Amino acid sequence: MSPHPHSSVIVALDFESASAAMALVDQLGPDARHYKVGLQLLTEAGPDLARGLVAAGKEVFLDLKLHEIPNSVAGAVKAAGRLGASLVTVHASAGSTVLRAAVAAAQPFPNLRVLALTVITSLSDQDLPEIGLAPSVQDQVERLARLSAAAGCHGVVASVREATCLRHILPPGSLIVTPGIQLPDSGATDQVRVATPQAAAMAGASHIIVGRAITAASDPRAAFALAVAGFGRGA
Ligand code: C5P
């Protein structure tokens, strides 16, 4: 579990511009300490935005979702480490050689942890056959979690539905980071395997990723406080 409850709630900065992202960071203020920078914002704003967050004392989860040859994955993980990121993601389905390359590349950076992505939370059992996988999501998540742990990854990204079982499969202290989080008045999104912050904590998640439930809320500060309180209640 992360040392501070506010660090356990990672706010996903899925914005179209650096200025919109930084406006939300300013609005949330010092209480929000952990931000996810994903492919949209990185491509739009470049790495300087992430560097700026680190310089401002924030933790940065660089959600690169790497799925590449080992040499390229290692290069990208090192770049994430130099940038000051604390979390970086690699697709577990890239295989154990790639996962081991990512873990080795992160070693010189004591604050950088490698998370393996199991199955993205917008997929359900029915989606697996079209990509050549047999249902179920649960089996696939367990298989990939075991692979990631054996390769030395520091944790996984998975939905709340799989978290309870993952707590038993993964080594003690492993990170379980769960997206697909909804607050009481969140609208419907493209996410399928969704849950509340409280349910995430009760299932054993170490962190939750919350995007639109905070960023698109009429009062993002109140929504962030609700997420922190909910996650704290379930812990
Ligand atoms: O807006 P919402 O809370 O659904 O955003 C979820 C965030 O979590 C997005 O930034 C998405 O990229 C990320 N994520 C996910 N599923 C994963 C890994 C990351 O939804 N397996």
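Just follow the structure's listing: the first ligand is 1, and inside any ligand the first atom is 1. Just so you know, these numbers come straight off a predicted model, no measurement behind them. One-based numbering along the sequence shown. Hydrogens, waters and symmetry mates are skipped; everything else that's a heavy atom, side chains included, is used.
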Value for CG (L49) from CZ (F15), rounded to nearest 0.5 Å, stands at 11.0 Å
Region of [X] engaging ligand 1 - heavy atom pairs below 4.0 Å:
{"X": "T118", "result": "neither"}
{"X": "I120", "result": "both"}
{"X": "L117", "result": "side chain"}
{"X": "T121", "result": "both"}

From the list V157, V141, L147, side chain to side chain contact (heavy atoms under 4.5 Å, CB included) partner of T118 resolves to V141
Please check if the side chain of T89 supplies one atom and the backbone of L64 the other of a donor-acceptor pair under 3.5 Å. yes
- Is ligand 1 less than 4.0 angstrom away from at least one heavy atom of Q182? no
- request: Look at atom CD of E16 and say whether more than 12 heavy atoms of other residues, nucleotides or ligands are closer to it than 6.0 Å.
  value: no
Problem - Salt-bridge contact D63-K65 (side-chain N to carboxylate O under 4.0 Å) - result: yes
Could you tell me, atom by atom, which parts of ligand 1 come under 4.0 Å of a heavy atom of [X]?
{"X": "A12", "value": "10 (O)"}
{"X": "R212", "value": "1 (O), 2 (P), 3 (O), 4 (O)"}
{"X": "D63", "value": "12 (O), 19 (C)"}
{"X": "D14", "value": "9 (C), 10 (O)"}
{"X": "I209", "value": "7 (C), 8 (O)"}

| message | With ring pair (Phe, Tyr, Trp, His ring centres under 6.0 Å) as the rule and sequence neighbours excluded, what pairs involving residues 64-84 come up? | response |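 For residues 64-84: H67-H91.
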ask   = Considering distance alone, does some N or O of I181 sit under 3.5 Å from an N or O of ligand 1?
value = no
(request) Output, in order, the C-alpha distance, side-chain angles, deciding distance and verdict of side-chain contact (heavy atoms from CB on, under 4.5 Å) for V11 and V210. (result) CA-CA 5 Å; V11 181; V210 192; 5.8 Å; no
Verify whether one side chain among E142 and Q138 offers a donor that lies under 3.5 Å from an acceptor in the other.
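Distance-only check passes for E142 and Q138.
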